[in-house]
Protein chains: 2
Amino acid sequence: MPNIKDIAKAANTSKSTVSRYLNGYTVKPATAKAIAKAIEELGYHPNANAKGLVLNKTNIIGIVLDNITNNFYAGMLAGIESITRKFNYSCVYYSCLSSQKKENEFLNLIYEGRVDGLILGTFSVRNIEDVKELRELKDSVVIIGDNADNKDITSIDIDNEEGIAEMVCYLYSLGHRRIAYLSGPKDINAAIAREKGYIQGLMKCGILYDPNLVIKSDWTFEGGYDAVKKVLGKIDFTAIVGSNDYSAYGALRSIQDAGLNVPGDVSVTGFDDIDIAAFSQPPMTTIRQPFFDVGRRAAMELLDKIDNKAQCYSRIILKPTMIERESCRAII
Amino acid sequence: MPNIKDIAKAANTSKSTVSRYLNGYTVKPATAKAIAKAIEELGYHPNANAKGLVLNKTNIIGIVLDNITNNFYAGMLAGIESITRKFNYSCVYYSCLSSQKKENEFLNLIYEGRVDGLILGTFSVRNIEDVKELRELKDSVVIIGDNADNKDITSIDIDNEEGIAEMVCYLYSLGHRRIAYLSGPKDINAAIAREKGYIQGLMKCGILYDPNLVIKSDWTFEGGYDAVKKVLGKIDFTAIVGSNDYSAYGALRSIQDAGLNVPGDVSVTGFDDIDIAAFSQPPMTTIRQPFFDVGRRAAMELLDKIDNKAQCYSRIILKPTMIERESCRAII
DNA sequence: CAGATATTTAGGAACGTTCCCATTCTGTTA
DNA sequence: TAACAGAATGGGAACGTTCCTAAATATCTG
């Protein structure tokens with residue numbers, strides 16, 4: 001593989017001049033032409049490691065996701081790259097799931113000079129040990145997800161609480177009074193926030209909180225299915241607020257399998273607006289998270305830290321949107 | 001950030017010795033201890049760019065996908081990383097979709113020394129120009145998908161043709177004789193192969209090919225829905241072989257919306273075995289692609305090229321598996 | 001056309017590693 | 001204790017860039 005010296009020789013000039021040409025500084029037109037020709041003919045590609053070594057800069061940001069093949073993240077990635085593209089950065093992705101590594105193991109990428117910064121996009125809870133490591137790198141890291149406890153690390157999150165609360169109030173406005181809640185995993189911050197939102201919503205509407213109406217589940221289809229199957233007919237409700245779409249669909253199928261109708265007998269709502277939500281039978285009323293914006297903002301904050309050495313902390317919370325479809329009906 | 005010289009100084013030795021320690025060569029126990037202490041105290045991390053520069057090696061392979069958030073790829077990635085982990089390589093992912101770049105633009109990553117090799121996992125058709133570029137890098141690239149025309153670039157693919165043919169024969173064995181085919185996009189190799197498989201299957205069973213039974217569609221839910229809606233009642237069939245799951249689900253919903261029953265009135269089959277296939281109503285009979293193995297084999301081939309400088313070309317075709325569920329019934 | 005100024009260029013240090021080669025240290029044996 | 005072998009170490013070139021400084025060349029001005 002030819003290097004910059006080979007190009008210089010071929011173009012009858014020096015490596016400094018070639019370097020200047022490559023980096024957009026002025027070079028005499030004739031020299032420029034010769035260099036361009038040499039590059040073309042020899043098939044020259046600048047070595048990224050050498051460049052990274054001397055500049056201590058890669059123009060790459062890494063994005064760590066628990067499972068990169070989760071369609072859930074598509075909008076977020078598009079949002080991130082819409083910004084990085086503009087500022088001439090590249091994105092590389094790392095998957096905790098398939099690599100069997102945890103999020104923090106990727107922090108080394110910064111120390112090693114492989115990336116200029118990292119977006120930690122797993123939405124996961126962070127323990128004290130993890131946060132200690134993070135804090136050391138707070139000028140090159142942005143967190144997506146709940147970070148309320150660590151005021152000095154920039155984070156972007158969605159207002160999960162508000163989303164669910166709004167959904168509860170919506171069902172209230174349709175006349176529902178016995179509104180059940182299908183809970184999520186208790187070790188995920190977003191799930192905790194959503195459950196808070198349920199209680200918040202009830203309070204807003206003046207409904208008394210009944211712990212029996214909280215149906216314990218996880219965020220899977222099967223989990224939702226089984227959980228609802230267990231309580232159907234035993235506890236009385238006219239609506240179920242799901243804490244995500246998958247489990248809401250499990251609930252829906254459970255209800256249908258019991259010979260009941262959605263929304264005729266029970267109204268069901270979800271959270272996430274997954275791609276099939278618009279096409280299911282019935283189409284699901286759910287909450288759409290502003291993923292594109294989450295990604296955009298995360299990238300903006302990160303590049304700002306990297307390029308402008310912005311040292312200031314920010315915590316950005318974006319509001320989700322309710323999408324009204326046909327899985328709920330008014331009670332007269 | 002401390003470098004190897006700082007560690008040497010702190011440990012009262014030379015950078016050569018520290019380097020030797022880091023790379024697992026013998027060092028006097030006392031020296032080793034001092035070095036370890038210095039590394040710990042100063043928080044040393046070897047610089048990847050310097051290392052990459054001198055070794056001309058990164059121990060990283062890149063994986064290019066059209067859309068990394070496609071769950072379709074999950075098994076493949078797990079398969080890839082199961083191998084790379086074993087051989088001490090890391091994986092980084094690149095997404096054509098969100099970066100708005102095409103597959104070939106990522107080839108530069110090799111020239112620039114950012115990765116040791118690339119798995120091109122987009123399953124896409126390649127034109128002559130693209131293949132020319134690829135051929136130059138054939139010792140550092142493995143293609144996933146159809147590559148029958150380029151015998152000198154290693155590729156891994158799934159036997160799409162055989163899969164569909166088997167499905168046709170399965171329906172034949174259930175007594176079906178008027179078997180329709182819901183086609184896919186005509187510019188994707190896998191879709192072309194599947195359509196060939198349909199004809200192949202008919203031939204095997206001794207059914208005459210009737211072009212009217214090929215329902216033109218794409219691989220989307222809506223596409224399948226509309227295409228089947230258009231022909232329902234106009235052409236006569238007892239089964240539809242879908243060329244992927246999404247469109248098969250579109251067909252299924254179309255049939256149900258027309259007041260017909262699946263599998264009572266029409267049998268429907270899919271291809272891909274997406275995650276909801278087991279939970280839908282009815283559960284979908286479909287074809288599962290051996291994604292984990294595709295990933296495994298791709299990684300094995302690539303690392304073999306990189307580390308052992310294996311120059312030999314191979315084209316590996318893996319067989320898919322039919323998963324029998326409840327969307328088909330026997331005609332007596 | 002000489003001198004002054006502006007533009008363009010070449011040389012070389014630096015970035016942080018690895019690894020070759022020469023040197024020093026350690027321990028054994030006669 | 002001298003001689004030696006083997007283990008452990010240190011020095012320095014090399015990797016391919018960037019960028020500073022100084023030199024060379026081109027352009028302008030009176």
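In what follows, chains are A, B, ... by sequence order, proteins preceding strands, each numbered from 1.
Of all nucleotides listed (C:dT17, D:dT18, D:dC19), C:dT17 comes nearest to the side chain of B:K51. Checking C:dT18, C:dT8, C:dT9 against the side-chain heavy atoms of A:T26 singles out C:dT8 as nearest.
Contact annotation: A:N23 side-chain N/O to D:dT18 OP1/OP2 distance is under 4.0 Å. Contact annotation: A:T31 does not reach the phosphate of C:dT8 (side-chain N/O to OP1 or OP2, under 4.0 Å). OP1 or OP2 of D:dG10 sits under 4.0 Å from a side-chain N or O of B:T17. Between A:T13 and C:dT9 there is no side-chain N or O to OP1 or OP2 distance below 4.0 Å.
Ring-centre distance between A:F291 and A:F72: below the 6.0 Å cut-off.
For the pair A:K138 and A:Y313, the NZ or CZ position fails the cation-pi test of under 6.0 Å to the six-membered ring centre and within 45 degrees of the ring normal.
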Distances under 3.5 Å only, N/O to N/O: pair up the protein atoms with those of nucleotides 12-15 of chain C.
residue: C:dG12; atom: N7; partner: A:K15; partner atom: NZ; Å: 2.8
residue: C:dG12; atom: O6; partner: A:K15; partner atom: NZ; Å: 2.8
residue: C:dG12; atom: O6; partner: A:S16; partner atom: OG; Å: 3.4

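Looking at heavy-atom distances under 4.0 Å, A:Y44 makes contact with sugar-phosphate atoms alone, never a base.
For B:D66 (side chain) and B:S95 (main-chain N/O), no donor-acceptor pair under 3.5 Å exists by modelled atom type.
Position along DNA chain D of the nearest nucleotide to B:V27 versus A:M1 favours B:V27 as the more 5'-ward residue.
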